Amino acid sequence: MIRTHEAGTLRAAHVGEQVTLAGWVARRRDHGGVIFIDLRDASGFVQAVFRDSSSEDAHKLRNEYCVKVTGTVERRPAGNDNPELATGEIELNVSELVILSEAAPLPMPIDEHVEVGDEARLKYRYLDLRRSGPAAALRMRSDASKIARNLLDDRNFVEIETPTLTRSTPEGARDFLVPVRVKPGTWYALPQSPQLFKQLLMVAGMERYYQIARCYRDEDSRADRQPEFTQLDIEMSFVTQEDVIELGESIVEALWRDLAGHQIQRPLPQITWHEAMDRYGSDKPDLRYGLELTELTSYFAGTEFRVFQAEYTGAVVMPGGATQTRKELDGWQDWAKQRGAKGLAYVLFDAETGEARGPVAKNLSEAHLAGLADAAGAKPGDAVFFAAGDRRHSQELLGAARIEIAKRAKLVDEDAWAFCWVVDAPMFERTDEGGWTAVHHPFTSPNEEWEPKFEEAPDRALAYAYDIVCNGNEIGGGSVRIHSGDVQRRVFDLLGISEEEASDKFGFLLEAFAFGPPPHGGIAFGWDRVCMLLAGADSIREVIAFPKSGGGYDPLTSAPTPITAQQRAEAGVDGPPKKA
RNA sequence: GGUCCUGUGGAGCAGUUGGAGUGCUCGCCGCCCUGUCAAGGCGGAGGUCGCGGGUUCAAGUCCCGUCAGGACCGCCA
């Protein structure tokens, strides 16, 4: 090493020692006769002092020059300590300065105190990462992965890599495709997850598999989504849902204990998917606040108001919402329309009299108005928002409203951690064409109750499928898989997948399942989201070294780029497509 | 595919009902300065106001289009 110590580790105990440091000029304070440099390396900062003998070159220093300095660690003069710095009691009296490399004027400030836009940060991510905050997020992620690996290793899990050039899967998200030079017209797909491979590893008798796996989905991005993302992917043989949940909680417990200083209460609460929808209008409810939905379908039975003559009518209360201005109430209508709803009906309860006001109130009978506050759980001064219509969509609208209310009314405790499992997810949902599709994936096992009869009521059939939710974010999910050929065939039948089609698409898996597949199940954590939460960030970009911006664009490398005619000719892009 | 927000020196922002010269902080360059620590003082450079079109006597400002970024809906088993 060209240095003897790390800058941020020097303390009063080192006073008198001759040391050599290497790092970057974080800041300079040139007083003419004496020059101070904050020298930064990965460990932190230390103040280097240049006087007469060493100051000639030091005048030339600029921010982010990479330098090597040799000198003596000295106690700072009385009154000059800097309690802000871990190294604030001492400084390095420099006798020799070597400029290792110079830095051009910076395109963005590298300053702990200055906000910089995302565009500049991502384009110059290597400069962004010199700042302590962004750097700490990546180090924290490394720690998180280490904690998970250690825990899984202790439990005899095997870390196994699976292919990233694989075959296209018909279900789920859009695949990223890779043309094949040696066989034009054929394509690899990048995996959306290692799902099928981990099941094959169970057939292979590995029993306990895990992998920190890169996954790819060609869908539009969001703050918590990237085209390539990472899962902590886990699969186990001879387990029940309870075993997977126990393991999942152990991982979450270790992560939050060691990285967030938070002890979770085990077992974590479990609520069923239907309960989550009924009470919170979401399959990933944020339990940091109440504001539960109330169903008023039977309350409004027989109402003259046509909007509420619906399959489902529900409500959510906005505490203190009655004082909202007309403009704010109109804002809710725009908000609802933006989500594809016709609007958001509301009733305001006067803070003084408790009297119901608003356009909807005029359409309701005296009796319905009289009992409404109690039925919806509203107090004088509150607003109540309603959604009516299709049960699922209405609940989702109210669920979204609930989140928005909590945000606007500042009801979210930002320091709280609220975990839960959402269990008993439905197996199937209707497709637009009137058939059925798997909610999770077609290898998810029906639960014990529904296994013999899921065909009788596919809309009500429940699966051994579970999601773990933290503060309204789905951070992981999994299921017990089907290991019986008979059940798998029945599921395919219901989904309208013929034997021929199944064999064409998943033949390799079904064939493997002919050879004594063990019962198995697993879970995958969305690792970027987990790390985002642990880092206290509001975007997964903060915990990804080189994230992409919207549209899958990489501001640093400018990928994706056009290819040359020659590359295209060789790539095998232009081979004939498969007949439909 | 759709909705909304934002584009102004290198960075972050301001710019009023359209009205004479786009301003501020930081950074950058030069000089001064021996105890600062987000150092300070003096001086200086740096702008197609994202791009194109339109309205107007006059556009950073209004209108249309377009590009880029962000948030969201659709989508994401």
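If you're wondering where the values come from, they're calculated on a predicted model, not measured in any experiment. Below, read A as the first sequence line, B as the second, and so on, with proteins coming before strands; counting in each chain starts at 1.
- The residue Glu91(A) sits close to a base: some heavy atom pair falls under 4.0 Å.
- Taking atom C1' on both G10(B) and G47(B), the two are 12 Å apart, rounded to the nearest angstrom.
- Counting non-hydrogen atoms under 4.0 angstrom, Gln195(A) reaches a base of the nucleic acid.
- G7(B) sits 15 Å from U48(B) when the C1' atoms are compared, rounded to a whole Å.
- Among the heavy atoms of the strands lying under 4.0 Å from Asp81(A) is at least one base atom, whether or not backbone atoms are also near.
- Toward the 5′ end of RNA chain B lies the nearest nucleotide of Pro109(A), the other residue of the pair Gly172(A) and Pro109(A) mapping further downstream.
- Separating the C1' atom of C51(B) from that of U8(B) is a span of 14 Å, rounded to the nearest Å.
- Between the side chain of Arg339(A) and the backbone N or O of Glu396(A), no donor-acceptor pair lies under 3.5 Å.
- Looking at Glu429(A) and Arg392(A), a side-chain N of the basic residue comes within less than 4.0 Å of a carboxylate O on the acidic one, giving a salt bridge.
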Dump every N/O contact between nucleotides 28-31 of chain B and the protein below 3.5 Å, one line per pair.
| unit_1 | atom_1 | unit_2 | atom_2 | d |
| --- | --- | --- | --- | --- |
| C29(B) | OP1 | Arg62(A) | NE | 3.1 |
| C29(B) | OP2 | Arg62(A) | NE | 3.4 |
| G30(B) | OP2 | Arg62(A) | NH2 | 3.1 |

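- Exactly one of Asp224(A), Asp467(A), Asp538(A) qualifies for a salt bridge (charged side-chain N to carboxylate O under 4.0 Å, His left out) with Arg529(A). That residue is Asp224(A).
- Side-chain nitrogen and oxygen atoms of Arg222(A) include at least one within less than 4.0 Å of the OP1 or OP2 phosphate oxygen of C73(B).
- Classification of Asp330(A) and Arg326(A) as a salt-bridged pair holds, one side-chain N sitting under 4.0 Å from a carboxylate O.
- In this structure, Ile482(A) and Pro442(A) approach most closely via the heavy-atom pair CD1-O, 3.8 Å.
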Every protein N/O within reach of nucleotides 68-70 of chain B N/O, cut-off under 3.5 Å:
| unit_1 | atom_1 | unit_2 | atom_2 | d |
| --- | --- | --- | --- | --- |
| G70(B) | OP1 | Arg541(A) | NH1 | 2.9 |
| G70(B) | OP1 | Arg541(A) | NH2 | 2.9 |
| G70(B) | OP1 | Gly550(A) | N | 3.1 |
| G70(B) | OP2 | Gly550(A) | N | 2.9 |

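- Rounding to whole angstrom units, CG of residue Leu127(A) and P of G12(B) are separated by 14 Å.
- Within the structure, the side chain to side chain donor-acceptor pair (under 3.5 Å) test picks out the following pairs touching residues 188-201 of chain A (sequence neighbours left out): Asp175(A)-Gln192(A), Gln195(A)-Gln199(A), Gln195(A)-His441(A), Lys198(A)-Asp233(A), Lys198(A)-Glu235(A), Gln199(A)-His520(A).
- Lys284(A) has its NZ atom 13 Å from the P atom of C76(B), to the nearest Å.
- Salt bridge annotation for Glu219(A)-Arg225(A): absent, with no cationic side-chain nitrogen under 4.0 angstrom from a carboxylate oxygen.
- Two residues are said to be in side-chain contact when any heavy atoms from C-beta on lie closer than 4.5 Å; Ile245(A) and Val423(A) meet this criterion.
- Residues of residues 465-482 of chain A having a heavy atom closer than 4.0 Å to RNA chain B: none are found.
- Not a single donor-acceptor contact under 3.5 angstrom links the side-chain atoms of Arg339(A) to the base of C73(B).
- In the interface, the side chain of Asp220(A) is paired with the base of G74(B) through a donor and an acceptor atom under 3.5 Å apart.
- Note: CE (Met108(A)) to C1' (U25(B)) measures 17 Å, nearest angstrom.
- Nearest nucleotide to the side chain of Arg29(A), out of C37(B), G12(B), C76(B): C37(B).
- Between Tyr464(A) and Pro446(A) there is no side-chain heavy-atom pair separated by less than 4.5 Å.
- Residue-environment remark: NE2 (His393(A)) stays at or below the threshold of 12 foreign heavy atoms within 6.0 Å.
- Distance CG/Asp504(A) to OG/Ser498(A): 8.5 Å, rounded to 0.5 Å.
- Arg40(A) has a carboxylate O that lies under 4.0 Å from a charged side-chain N of Glu64(A), or vice versa, which qualifies the two as a salt bridge.
- A tilted orientation is assigned to the rings of Phe385(A) and Trp332(A), their planes being inclined by 30° to 60°.
- The gap from the P atom of C62(B) to that of G69(B) amounts to 24 Å, rounded to the nearest Å.
- In this structure, NE2 of His59(A) is placed 9 Å from P of C32(B), rounded to the nearest angstrom.
- Nucleotide C31(B) forms a Watson-Crick or G-U wobble pair with G41(B), both donor-acceptor distances falling under 3.5 Å.
- Checked for salt-bridge contact, Lys548(A) and Glu228(A) meet the test: a charged N lies under 4.0 Å from a carboxylate O.
- Residue contacts shown for Ser193(A) include a base, since a base heavy atom lies under 4.0 Å away.
- Rounding to whole angstrom units, CG of residue Asp30(A) and P of G27(B) are separated by 14 Å.
- A gap of 11 Å separates the C1' atoms of U22(B) and G9(B), to the nearest Å.
- Heavy atoms of Pro77(A) sit under 4.0 angstrom from at least one base atom.
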Pick out the pairs of N or O atoms, protein on one side and nucleotides 4-7 of chain B on the other, that lie under 3.5 Å.
none

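- When rounded to the nearest whole Å, the span between CZ of Arg131(A) and C1' of A38(B) equals 14 Å.
- At a threshold of 4.0 Å, the pair Glu89(A)-Arg76(A) does not count as salt-bridged, since none of the basic side-chain nitrogens sits closer than that to a carboxylate oxygen.
- Across every non-hydrogen atom of Tyr466(A) and Val480(A), the tightest pair is OH-N, 3.8 Å.
- Separating the P atom of C33(B) from that of G19(B) is a span of 47 Å, rounded to the nearest Å.
- Checked for salt-bridge contact, Asp493(A) and Arg490(A) miss the test: no charged N lies under 4.0 Å from a carboxylate O.
- Along RNA chain B, the nucleotide nearest to His113(A) and the one nearest to Glu396(A) differ in position, and the one closer to the 5' end is contacted by His113(A).
- A salt bridge links Asp81(A) to Arg75(A): at least one charged side-chain nitrogen sits closer than 4.0 Å to a carboxylate oxygen.
- Aromatic ring centres of His31(A) and Phe36(A): separated by under 6.0 Å.
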When you compare the protein's N or O atoms with those of nucleotides 41-51 of chain B, which come within less than 3.5 Å of each other, and at what distance?
none

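- G44(B) and G27(B) have their C1' atoms separated by 14 Å, with the value rounded to a whole Å.
- Here Gln47(A) lies in heavy-atom contact (under 4.0 Å) with a base.
- Going from atom NE2 of His31(A) over to atom P of U34(B) covers 10 Å, rounded to whole Å.
- Proximity note for Pro107(A) (side chain, C-beta onward) versus C37(B), C75(B), G10(B): the nearest is G10(B).
- Residue Gly117(A) is in sugar-phosphate contact alone, with no base atom involved, counting any heavy-atom pair closer than 4.0 Å across all strands shown.
- Regarding Ile403(A), its CD1 atom lies at a distance of 13 Å from the C1' atom of C72(B), rounded to whole Å.
- Rounded to the nearest Å, the gap between the P atom of C75(B) and that of U56(B) is 46 Å.
- The base of C37(B) is paired with the side chain of Arg76(A) by a donor and an acceptor separated by under 3.5 Å.
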